[in-house]
Each structure stands twice: as structure tokens, then as C-alpha cells.
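Let me begin by presenting the structure, written as C-alpha cells, before commenting on it.
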Amino acid sequence: MTPEETVDYNIKVAWHAISRMYNTQAAKHDITTSIGFVLLNIDQENGTPATKIAPLLGLETRSLTRILRSMEDKGLIYKQADTQDKRSVRIFLTEDGLRNKEISRQTVRHFNLKVREEIPQSELDVFFRVVGQITGMIEGKTLYDNFKLKPLRSAESSAT
């Protein structure tokens with residue numbers, strides 16, 4: 001099986017192309033794709049608990065911490081103790097954060113509208129269904145339950 005025939009290769013290639021495209025747009029506004037996605041997931045009025053953002057984006061907490069620090073340094077967000085739970089910190093958008101959230105929203109919306117202009121809804125429905133099934137298989141954590149590696153052949157035996 002060539003890489004081009006594998007599901008994971010095609011998903012990875014598509015995501016990297018999308019990520020590069022978004023990063024090109026984001027760089028025009030001195031942000032990154034990651035920052036844009038975080039901005040899109042922060043509630044404009046009530047802020048968002050810091051602990052809720054990483055799972056929304058599929059990020060590790062360490063990665064999110066680094067992104068939030070960068071966003072704070074750029075003046076896009078500020079942190080405030082949660083009024084209900086003093087142990088929790090909520091993330092709020094500054095004026096610059098709100099402006100960049102809108103830029104991110106419009107960028108994502110434009111991409112999706114262009115894709116929908118080119119690809120029929122029936123094909124997108126199949127795509128969403130297949131991606132959902134793949135995600136379900138992975139998140140079900142049963143993909144490798146009965147998996148056993150086949151014995152590897154040594155270089156000598158494979159040469160004969």
C-alpha cells in the first residue's frame with residue numbers, strides 16, 4: 001500500500017494544506033492558526049474557563065498554556081478568577097482579541113463557503129459521515145484490541 005492509498009496520509013496532507021492556508025491568512029494579522037482557533041472558542045460575553053479550551057481544540061494542556069501566554073503577551077486575552085469557582089480562571093477577549101476573533105471567523109467562514117461552492121452537498125455529507133466514523137473508531141479505543149504484529153522477517157530470510 002502506497003502512502004497515497006492510506007486514509008491517514010490523505011487526512012494529514014489535507015490538514016497540512018488547510019493549516020498552511022490558514023497560517024498564511026493569520027500571519028497577515030500577526031497571529032497563528034492555533035491562536036485563531038482559540039479565539040473562536042472563547043465566549044465573548046462570559047469568557048471561557050481555561051480548562052475547557054484545550055479539550056474543545058484537541059490540544060494538550062501544555063500546548064494551550066504556551067498559546068495562552070502568547071495571546072496574553074499580544075494583548076488578545078486577559079485572565080480573571082472565576083466568580084463562582086475561585087480555583088478556576090476564565091479567559092476573556094480584549095478589544096484586539098475580539099477584532100482578531102472576527103477576522104478568524106470570517107476566514108474560516110470564507111474557506112467553508114468556497115468549499116461548498118465547489119463540492120456538492122451530497123459529497124460533503126458522505127465526507128462528514130466517513131470522517132465521523134473514523135473519529136468514532138479512534139475514540140472508541142478498540143481499533144487495536146485484537147491487533148497482533150506479524151513476526152518480522154530478518155533481512156536474510158527476506159532476501160531469499
Side-chain angles (χ1 to χ4, degrees), residues 1-44 48-74 76-77 91 93 96-160:
M1 184 179 293
T2 68
E4 292 80 10
E5 295 172 313
T6 65
V7 173
D8 51 332
Y9 173 84
N10 283 281
I11 291 171
K12 181 183 73 155
V13 168
W15 173 247
H16 283 293
I18 292 167
S19 185
R20 281 191 309 276
M21 174 197 64
Y22 279 154
N23 268 322
T24 299
Q25 294 304 311
K28 295 175 183 177
H29 304 281
D30 194 33
I31 62 172
T32 64
T33 299
S34 297
I35 288 174
F37 282 129
V38 171
L39 289 169
L40 290 170
N41 284 280
I42 297 174
D43 185 296
Q44 290 179 211
T48 301
T51 55
K52 301 288 186 216
I53 298 171
L56 288 171
L57 298 172
L59 289 173
E60 295 293 325
T61 306
R62 287 184 303 267
S63 299
L64 179 63
T65 300
R66 194 168 42 253
I67 294 167
L68 291 176
R69 188 176 306 121
S70 170
M71 292 174 73
E72 205 169 13
D73 291 346
K74 290 178 181 291
L76 301 172
I77 61 165
I91 307 298
L93 299 172
D96 280 347
L98 286 167
R99 187 175 50 76
N100 278 284
K101 178 177 181 165
E102 180 58 21
I103 290 167
S104 298
R105 189 188 70 74
Q106 287 182 33
T107 301
V108 170
R109 187 174 168 84
H110 178 77
F111 169 69
N112 279 274
L113 288 171
K114 288 298 186 183
V115 167
R116 288 176 181 281
E117 285 175 9
E118 294 291 322
I119 300 173
Q121 186 61 47
S122 60
E123 290 183 37
L124 287 172
D125 291 342
V126 171
F127 170 76
F128 292 137
R129 189 170 57 251
V130 169
V131 169
Q133 288 173 315
I134 292 169
T135 302
M137 291 169 65
I138 294 165
E139 289 177 351
K141 297 182 172 103
T142 59
L143 239 120
Y144 289 98
D145 281 358
N146 297 315
F147 175 73
K148 291 188 183 7
L149 283 173
K150 294 177 184 167
L152 299 175
R153 295 187 298 185
S154 67
E156 288 175 14
S157 64
S158 63
T160 57

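Any value given below was found using the heavy atoms of this structure, including those in side chains, with hydrogens, waters and symmetry copies removed.
In the displayed structure, Glu118 atom CD is contacted under 6.0 Å by at most 12 heavy atoms of other residues, nucleotides or ligands. Counting heavy atoms of neighbouring residues, nucleotides and ligands inside a 6.0 Å radius, atom CE of Met137 does not exceed 12 of them.
The ring pair (Phe, Tyr, Trp, His ring centres under 6.0 Å) test applied to Tyr22 returns Phe37, Phe111, not counting sequence neighbours.
Ile67 is listed as a side-chain neighbour of Leu59, based on a closest heavy-atom distance under 4.5 Å. The shortest distance between side-chain heavy atoms of Asn41 and Thr48 does not fall below 4.5 Å. Counting only heavy atoms from C-beta outward, the side chains of Ser104 and Ile31 approach each other to under 4.5 Å. The shortest distance between side-chain heavy atoms of Asn100 and Lys74 does not fall below 4.5 Å.
For the residue pair Asn23/Thr33, the side-chain donor-acceptor check at 3.5 Å is satisfied. Checked by atom type, the side-chain pair Glu60/Ser63 shows no donor-acceptor distance below 3.5 Å.
Heavy atoms only, all atoms of each residue included: Ser70 and Ile35 are closest at OG-CD1, 3.9 Å. Glu4 and Tyr9 make their closest contact through CA-CD2, 3.7 Å (heavy atoms, listed as atom of the first residue, atom of the second, distance).
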Practice task
Kindly indicate, with the supporting measurements, whether the criterion side chain to side chain contact (heavy atoms under 4.5 Å, CB included) is fulfilled by Leu39 and Ile103.
Solution key: CA-CA 10 Å; Leu39 289 169; Ile103 290 167; over 6 Å; no

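The backbone N or O of Pro120 sits nowhere less than 3.5 Å from a side-chain atom of Glu123 that would complete a donor-acceptor pair. Under a 3.5 Å cut-off, the side chain of Asn10 and the backbone N or O of Glu5 do not form any donor-acceptor pair.
In this structure, OG1 on Thr61 lies 11.0 Å from CD1 on Ile53, to the nearest 0.5 angstrom. Note that the CG atom of Leu64 and the CG atom of Leu56 stand 10.0 Å from one another [nearest 0.5 Å]. Atom CG of Leu68 and atom CD1 of Ile42 lie 7.0 Å apart (nearest 0.5 Å). Of the inter-residue distances, the one linking Ile77 atom CD1 with Lys101 atom NZ reads 12.5 Å to the nearest 0.5 angstrom. Here Arg109 contributes atom CZ and Leu40 contributes atom CG; the two are 12.5 Å apart, rounded to the nearest 0.5 Å. From Leu152, atom CG reaches atom NZ of Lys150 across 11.0 Å, with rounding to the nearest 0.5 Å.
The pair Glu72-Arg69 does not count as a salt bridge, with every side-chain nitrogen at least 4.0 angstrom from each carboxylate oxygen. No salt bridge links Arg99 with Glu102; every basic N to acidic carboxylate O contact stays at or beyond 4.0 Å.
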